[in-house]
Amino acid sequence: MKKALFLFTIALFIFAGCTSTSNVESAKVQAVSRNLTDKGVKNQEQLYNFFLSHNPNANKKTVKKIASLYIDEAETEGINSDCAFVQMCHETGFLRFGGLVTKDMNNFCGLGSEGNGKNGASFPSMKIGVRAHIQHLQAYATTENKKLKNKVVDPRYSWPHKAYLAQTIFDLTGKWATDPEYADKLDKYLSELEKF
């Protein structure tokens, strides 16, 4: 009887240890908003680690820099840096590029890339390219009365205000992209990012 009680007590401690470990692991998951105008919650290191989980061969210095730029530019314009960053990852194939947009264009969201000879916009630096992406998201996520803090660098900035309003990533399907699974793909990346 004592042996059975002893074994039961040990099993209970093991179970409690497993449960507390899984609670600690789930506590590490930080919720990421899908609203385009909410503040991003992930820092540079978390964005960097998420990115490298998909493209470990990328230039590490470039990835750190671009993560920092997304946080800074998004905060300036009131855009969710987490949403913008995963959208960049999706649009560029985690900076592998290919297709109509090439690395030298500093175009991180396929801005103006429509095919039929329209390869998209080019920007003089990584910073200006990120800024254009953030401004384009701001144009989708707000009305015309919400003014930009920085000078407009997005060549198509005024167009979305007249045509669309997208408050969440889910509203981007059929507006930003014709892919019917576009938002689901972004949502999947955001769910992954939550674990970093």
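- In this structure a side-chain-to-backbone donor-acceptor pair under 3.5 Å is missing from Lys39 to Glu75.
- Among residues at least two apart or in separate chains, there is no salt bridge (charged side-chain N to carboxylate O under 4.0 Å, His left out) pair with a member in residues 103-113.
- Around atom NZ of Lys65, no more than 12 heavy atoms belonging to other residues, nucleotides or ligands sit under 6.0 Å away.
- Hydrophobic clustering (ILVMFWY, side-chain heavy atoms < 4.5 Å, transitive): Leu52 and Phe196 are in one cluster.
- Looking at heavy atoms from C-beta onward, Arg34 lies in side-chain contact with Ser191 at the 4.5 angstrom threshold.
- Hydrophobic clustering, with ILVMFWY side chains joined whenever heavy atoms are under 4.5 angstrom apart, groups Phe85 together with Phe97.
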Practice problem: Run the numbers on Glu73 and Asn150 for side chain to side chain contact (heavy atoms under 4.5 Å, CB included), then give the verdict. | Solution: CA-CA 9 Å; Glu73 293 293 329; Asn150 287 316; 3.6 Å; yes

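- What you find for Asp82 and Gly40 is that their closest heavy atoms are OD2-CA, 3.3 Å.
- Residues meeting the ring pair (Phe, Tyr, Trp, His ring centres under 6.0 Å) test with Phe51, sequence neighbours left out: Phe94.
- In terms of heavy atoms, Thr173 sits closest to Pro180 at CG2-O, 3.6 Å.
- When all heavy atoms of Ala84 and His133 are compared, the closest pair comes out as O-CE1, 3.3 Å.
- Gln87 CD to Asn80 CG: the interatomic distance, rounded to the nearest 0.5 Å, is 11.0 Å.
- Arg96 is linked by a salt bridge (charged side-chain N to carboxylate O under 4.0 Å, His left out) to nothing, counting only residues two or more places apart in sequence or in another chain.
- Two residues are said to be in side-chain contact when any heavy atoms from C-beta on lie closer than 4.5 Å; Tyr48 and Lys60 meet this criterion.
- Listed here is the closest heavy atom pair of Val101 and Asn107: CG1-O, 3.4 Å.
- Taking hydrophobic clusters as Ile, Leu, Val, Met, Phe, Trp and Tyr residues chained together by side-chain heavy-atom distances below 4.5 Å, Val130 shares a cluster with Leu172.
- Between Asn43 and Ile71, the shortest heavy-atom distance links the atoms C-CD1, 3.6 Å.
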Self-check item: Leu47 and Leu193: CA distance, side-chain angles, deciding distance, side chain to side chain contact (heavy atoms under 4.5 Å, CB included) verdict
Solution: CA-CA 7 Å; Leu47 295 178; Leu193 178 60; 3.9 Å; yes

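- Ring geometry for Tyr189 versus His90: interplanar angle of 30 to 60°, hence tilted.
- A donor-acceptor pair under 3.5 Å links the side-chain atoms of Glu194 to the main chain of Val32, judged by distance alone.
- Here the SG-CG distance, from Cys83 to Leu137, works out to 8.0 Å after rounding to the nearest 0.5 Å.
- For the pair Leu95 and Ile66, the minimum side-chain heavy-atom distance is below 4.5 Å.
- Gln138 contributes no side-chain N or O that, together with a main-chain N or O of Gly78, makes up a donor-acceptor pair within less than 3.5 Å.
- For Gln167, the CD atom is loosely surrounded, since the number of other residues' heavy atoms within 6.0 Å does not exceed 12.
- Within the 4.5 Å cutoff, the side chain of Ile134 has heavy atoms near those of the Tyr70 side chain.
- Ring geometry, Trp176 versus Tyr140: the interplanar angle falls from 30° to 60°, so the pair is classed tilted.
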Donor-acceptor pairs under 3.5 Å, side chain of residues 121-129 to any protein atom, not counting sequence neighbours: which ones?
unit_1: Ser125; atom_1: OG; unit_2: Ile128; atom_2: N; d: 3.2

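- From Lys185, atom NZ reaches atom CD1 of Ile169 across 13.0 Å, with rounding to the nearest 0.5 Å.
- Remark: Arg131 CZ to Lys149 NZ distance equals 13.0 Å, nearest 0.5 Å.
- A 4.5 Å side-chain heavy-atom check between Phe108 and Glu91 finds every atom pair outside the cut-off.
- Of all heavy-atom pairs spanning Gln30 and Gln46, the tightest one is OE1-NE2, 3.8 Å.
- Other residues sharing the hydrophobic cluster of Leu165, ordered by chain and number and joined by side-chain separations under 4.5 Å: none, the residue standing alone.
- Under the 3.5 Å distance criterion, the side-chain polar atoms of Asn59 are matched with a main-chain donor or acceptor of Lys61.
- The closest side-chain heavy-atom distance from Ser33 to Val41 is not below 4.5 Å.
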Exercise. Output, in order, the C-alpha distance, side-chain angles, deciding distance and verdict of side chain to side chain contact (heavy atoms under 4.5 Å, CB included) for Asp72 and Leu69.
Key: CA-CA 5 Å; Asp72 293 345; Leu69 287 171; 5.6 Å; no

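- Residues satisfying the salt bridge (charged side-chain N to carboxylate O under 4.0 Å, His left out) test with Asp38, not counting sequence neighbours, are none.
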